[in-house]
Amino acid sequence: MKKVLKPYKRAALFCLLAMTALVSCKKDDGLSSRELLVYVAGDYSRVDNRVVTPFVHNPVSITGSRMTGFAAYATREVPADIDVTFTADASLVADFNQKNGTAFLPLPAANYRIVNPGKYKIKAGTVKSDSLQIEILNPGQLTDPKGYLLPFTITAIEGQDKGAAISTNQRTVYLNVTYEFNNVLPGQAPAAGTAMSRTGWSVTVSNTTSGALGPAMIDGNNSTAWRSSNTASAAKWAIVNIASQKTVSSFLMVPNYVTTTENATQITVSSSNDNTNWTVQGIWRGTGPATGTTAAAPDVKGINFASPVTAQYFRLEINTWVS
């Protein structure tokens, strides 16, 4: 990338029968039982029943939705109304962490409120209740990278159908508030501004491909590029030394037109004043060069900071690329 990178039927039958036996002996999961069960589900495809609410922080703003919610479900249409009671229970966080190998902190009680407290009704003829709505009050205070967890458990159901029951293993949902610092703005449009002189700049790279060395990143020639080792497992990073501490608002990158499939699509950007202690500024996400563009008419990309960064060294670590 220019500027940045770059045999047996019997055996088979036995297995099938074994799988069938396991399924038939499994306890209710709130989804496949013939009983009328009431359960709660997290985000789609999450086996740990989390509802994730992400917040992305940078020095000037916080992005993310303060409002989130979830509902109770029945395994089939209910013949009569069922009222569902949820109870928040932070004491379940430690158990969740132990079972899942996580280290979430309990979501502080002072930093959320239930917007519509009470019971949540699954109306007759339906399978989904009203939504319990939760507001995060001050995401600016939730800055631990481990993230935060608030379990909600179905503790009671009420209705005329006495055959309804609470699922034994899918009765708790976990509200998960996550923290990410990212001073790199989304998007890849080049920013306006005055280009900085590259006098005295130098580049150190993780590895190279013959004929495409690190200095090509800053040689001013769009037809040359740095190409890292073609081994997928090899480290792929470049450190740009801009000669002295300066305040930088963005970097402009001309794609690698020598081998377009090697262009980065995700880069972790870090800064340093001593080339030893690094601060991760965030992750840039982009695309390869647009079809039809060339070194003569390049598809220039921008790595743009939400808040300008003062530093002498910038490390650009390539995480993913076009191919």
Show the numbers, then the answer: is there a salt bridge (charged side-chain N to carboxylate O under 4.0 Å, His left out) between Asp130 and Lys121?
CA-CA 6 Å; Asp130 305 323; Lys121 190 182 298 295; over 6 Å; no
How far apart are the C-alpha atoms of Val240 and Trp201, what are their side-chain angles, what is the distance that settles it, and do they pass the side chain to side chain contact (heavy atoms under 4.5 Å, CB included) test?
CA-CA 7 Å; Val240 181; Trp201 286 26; 4.0 Å; yes
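- One hydrophobic cluster holds both Met196 and Val269 under the rule that ILVMFWY side chains link at heavy-atom gaps under 4.5 Å.
- A side-chain N or O of Ser197 and one of Thr199 form a donor-acceptor pair less than 3.5 Å apart.
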Evaluate the salt bridge (charged side-chain N to carboxylate O under 4.0 Å, His left out) criterion for residues Lys119 and Glu158: first the C-alpha distance (whole Å), next the side-chain angles of each, then the deciding distance (0.1 Å), finally the verdict.
CA-CA 9 Å; Lys119 300 175 181 180; Glu158 303 170 56; 2.6 Å; yes
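- Counting non-hydrogen atoms of neighbouring residues, nucleotides and ligands closer than 6.0 angstrom, the NZ atom of Lys246 exceeds 12 such neighbours.
- One hydrophobic cluster, built from ILVMFWY side chains closer than 4.5 Å, holds both Val51 and Val84.
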Report the C-alpha distance between Ser91 and Asp89 in whole Å, list the side-chain angles of each, state the deciding distance to 0.1 Å, and finish with yes or no for side chain to side chain donor-acceptor pair (under 3.5 Å).
CA-CA 5 Å; Ser91 70; Asp89 188 356; 2.5 Å; yes
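- Connection of Leu149 to Leu142 is not established within any shared hydrophobic cluster, with ILVMFWY side chains joined at heavy-atom distances below 4.5 Å, either directly or through further cluster members.
- Side-chain contact of Asn319 with Thr268: a donor-acceptor pair under 3.5 Å is present, judged by distance alone.
- If you check the side chains of Ser271 and Gln281, you find a donor sitting under 3.5 Å from an acceptor.
- Residues Ile122 and Phe152 share a single hydrophobic cluster, defined by chaining ILVMFWY side chains whose heavy atoms lie under 4.5 Å apart.
- Under 4.0 Å is where a charged nitrogen must lie from a carboxylate oxygen, and between Glu135 and Arg113 at least one such pair does.
- Between Thr53 and Leu175, the closest side-chain pair of non-hydrogen atoms falls below 4.5 Å.
- Under a hydrophobic clustering in which Ile, Leu, Val, Met, Phe, Trp and Tyr are joined whenever their side-chain heavy atoms come within less than 4.5 Å, directly or via other members, Leu132 and Tyr174 fall into different clusters.
- In this structure, Ser229 and Thr208 have side chains that are not in contact, with every pair of non-hydrogen atoms separated by 4.5 Å or more.
- Salt bridge Asp48/Arg50: present, at least one basic N to carboxylate O contact under 4.0 Å.
- A centroid separation of 6.0 Å or more is found between the aromatic rings of Tyr148 and Phe104.
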